[in-house]
Engineer: 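Quick one: the structure is below, questions incoming.
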Amino acid sequence: MARIFVYGTLKQGQPNYQHMLNTAKGIAKFQGRGRTVEKYPLVIAGKYNIPYMLNIPGTGHHVAGEIYSVDDQMLQFLDEFEGCPNMYQRTPMSIEVVEWEGKSSVPGERPAAHSIMECFVYSTTTYQPEWVNLPYYDNYDSSGKHGLSYVLRESR
């Protein structure tokens, strides 16, 4: 199982969350909430209002998201879904645990709040230069005050 940190449309309550529940695509077990240790710019860009974490460490905010354990099948699905490696790149990042709900088969293996763990994150180095001038967010919500609702693939 691999650890994935999601910060955009794959989070609970967001437009693509159903993919995380679809066992035909693999297993994704919610473990808890976290945030990036380093600051990154999280922008909403393009005509479909897609959230992107730009891989520019030290700029922006500590980005909030969710930590999942995923099997190889789900990891492969997510790579395809995220357009990896062209649109997004899956890279390891340090994530601070904010709240842990996951169950551990080994006593004492439960990460403490504020502990740091490595998770794969889909961020991008392949973005339009003007995106760095967009507003930066610390927590993505498709229905947020920004008014930039995500456009589902089926609706494009």
Side-chain angles (χ1 to χ4, degrees), residues 1-23 25-45 48-84 87-125 127 131 134-150 152:
M1 300 287 276
R3 284 207 179 111
I4 292 281
F5 175 78
V6 298
Y7 57 84
T9 66
L10 291 167
K11 293 190 310 183
Q12 295 173 29
Q14 296 304 311
N16 288 316
Y17 176 62
Q18 76 273 6
H19 296 302
M20 302 300 278
L21 301 174
N22 186 343
T23 54
K25 295 175 179 170
I27 305 295
K29 292 182 183 166
F30 177 76
Q31 298 294 307
R33 298 182 206 312
R35 66 184 206 143
T36 59
V37 170
E38 289 200 69
K39 293 179 177 181
Y40 289 92
L42 171 59
V43 301
I44 301 171
Y48 302 121
N49 297 325
I50 297 172
Y52 293 93
M53 184 190 300
L54 309 183
N55 198 339
I56 310 172
T59 301
H61 301 286
H62 299 283
V63 177
E66 298 172 349
I67 301 165
Y68 289 83
S69 291
V70 300
D71 66 5
D72 288 343
Q73 183 183 349
M74 179 59 80
L75 192 60
Q76 185 176 346
F77 165 77
L78 290 171
D79 279 355
E80 291 169 19
F81 181 79
E82 299 289 6
C84 186
M87 190 158 133
Y88 292 94
Q89 296 80 47
R90 176 168 43 95
T91 54
M93 283 187 191
S94 295
I95 302 298
E96 177 187 355
V97 174
V98 173
E99 180 182 21
W100 192 260
E101 294 180 17
K103 308 287 186 267
S104 175
S105 55
V106 181
E109 207 178 77
R110 182 184 176 97
H114 308 295
S115 63
I116 309 298
M117 63 173 50
E118 288 283 301
C119 296
F120 285 121
V121 179
Y122 292 94
S123 63
T124 186
T125 56
Y127 54 85
W131 290 5
L134 294 170
Y136 297 165
Y137 300 94
D138 63 351
N139 194 356
Y140 175 78
D141 183 351
S142 178
S143 305
K145 293 178 189 168
H146 49 68
L148 301 169
S149 296
Y150 175 78
L152 288 167

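If you're wondering where the values come from, they're calculated on a predicted model, not measured in any experiment.
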Engineer: Measuring only between side-chain heavy atoms, which start at C-beta, is M87 closer than 4.5 Å to T124?
Structural biologist: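 Result no, sub-4.5 Å side-chain heavy-atom pair not found.
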
Engineer: Which residues pass the side chain to side chain contact (heavy atoms under 4.5 Å, CB included) test with K25, not counting sequence neighbours?
Structural biologist: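 Side chain to side chain contact (heavy atoms under 4.5 Å, CB included) check on K25 returns H19, N22, M74, F77.
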
Engineer: Output the distance between atom CD (Q18) and atom CG (L10), rounded to the nearest 0.5 Å.
Structural biologist: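 Between atom CD of Q18 and atom CG of L10 there are 8.5 Å.
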
Engineer: Strictly distance-based, threshold 3.5 Å: is any side-chain N or O of D71 a donor or acceptor partner for the main-chain N or O of I27?
Structural biologist: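 Yes, the answer is positive, given that a donor and an acceptor are paired below the 3.5 Å cut-off.
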
Engineer: With under 30° as parallel and over 60° as perpendicular, where do the rings of H146 and Y137 fit, or are they tilted in between?
Structural biologist: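 Rings of H146 and Y137: perpendicular, as their planes differ by over 60°.
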
Engineer: Please check if any side-chain donor atom of Y150 sits under 3.5 Å from a side-chain acceptor atom of N16, or the reverse.
Structural biologist: yes

Engineer: Do Y122 and Y7 make the cut of ring centroids closer than 6.0 angstrom?
Structural biologist: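 They do not qualify: ring centres at least 6.0 Å apart.
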
Engineer: M20 versus Y68: any side-chain heavy-atom pair under 4.5 Å?
Structural biologist: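 When only atoms from C-beta onward are counted, Y68 and M20 do touch, with a gap below 4.5 Å.
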
Engineer: Restricting to side chain to side chain contact (heavy atoms under 4.5 Å, CB included), what partner residues turn up for A64, sequence neighbours left out?
Structural biologist: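 A64 satisfies side chain to side chain contact (heavy atoms under 4.5 Å, CB included) with N139 only.
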
Engineer: Using distance alone, with no hydrogens and no angle criterion, decide if Q89 and S123 have a side-chain donor and acceptor under 3.5 Å apart.
Structural biologist: no

Engineer: Measuring from C119:SG to E96:CD, what's the distance to the nearest 0.5 Å?
Structural biologist: 12.0 Å

Engineer: Can a donor-acceptor pair be found, under 3.5 Å and without considering hydrogens, that links the side chain of H62 to the backbone of R35?
Structural biologist: no

Engineer: Just so I know, are the side chains of M1 and V70 near enough to count as touching, which here means a heavy-atom distance under 4.5 Å?
Structural biologist: no

Engineer: Is the shortest heavy-atom distance from the side chain of V43 to the side chain of L54 under 4.5 Å?
Structural biologist: yes

Engineer: Is it the case that S94 and E38 place a side-chain donor and acceptor less than 3.5 Å from each other?
Structural biologist: no

Engineer: For I44, is there any backbone N or O sitting under 3.5 Å from a side-chain donor or acceptor partner on N49?
Structural biologist: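 Not a single qualifying donor-acceptor pair exists.
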
Engineer: State whether the side chain of T9 and the backbone N or O of Q14 hold a donor-acceptor pair below 3.5 Å, judged by distance alone.
Structural biologist: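 Answer holds: no.
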
Engineer: Can we say E66 and K11 salt-bridge, meaning some charged N sits less than 4.0 Å from an Asp/Glu carboxylate O?
Structural biologist: no

Engineer: Under the ring pair (Phe, Tyr, Trp, His ring centres under 6.0 Å) test against Y52, which residue among W131, Y40, Y127 passes?
Structural biologist: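 That would be W131.
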
Engineer: Given side chains that start at C-beta, do those of M117 and V97 come closer than 4.5 Å, heavy atoms only?
Structural biologist: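 Yes, their side chains come closer than 4.5 Å.
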
Engineer: Of all residues at least two apart in sequence or in a different chain, which pass the side chain to side chain contact (heavy atoms under 4.5 Å, CB included) check with S143?
Structural biologist: D141

Engineer: Indicate yes or no for a side-chain donor-acceptor contact from T36 to the backbone of V63 under 3.5 Å, with no hydrogens or angles considered.
Structural biologist: yes

Engineer: Just checking Q76: does its CD atom have more than 12 heavy atoms from other residues, nucleotides or ligands closer to it than 6.0 angstrom?
Structural biologist: no

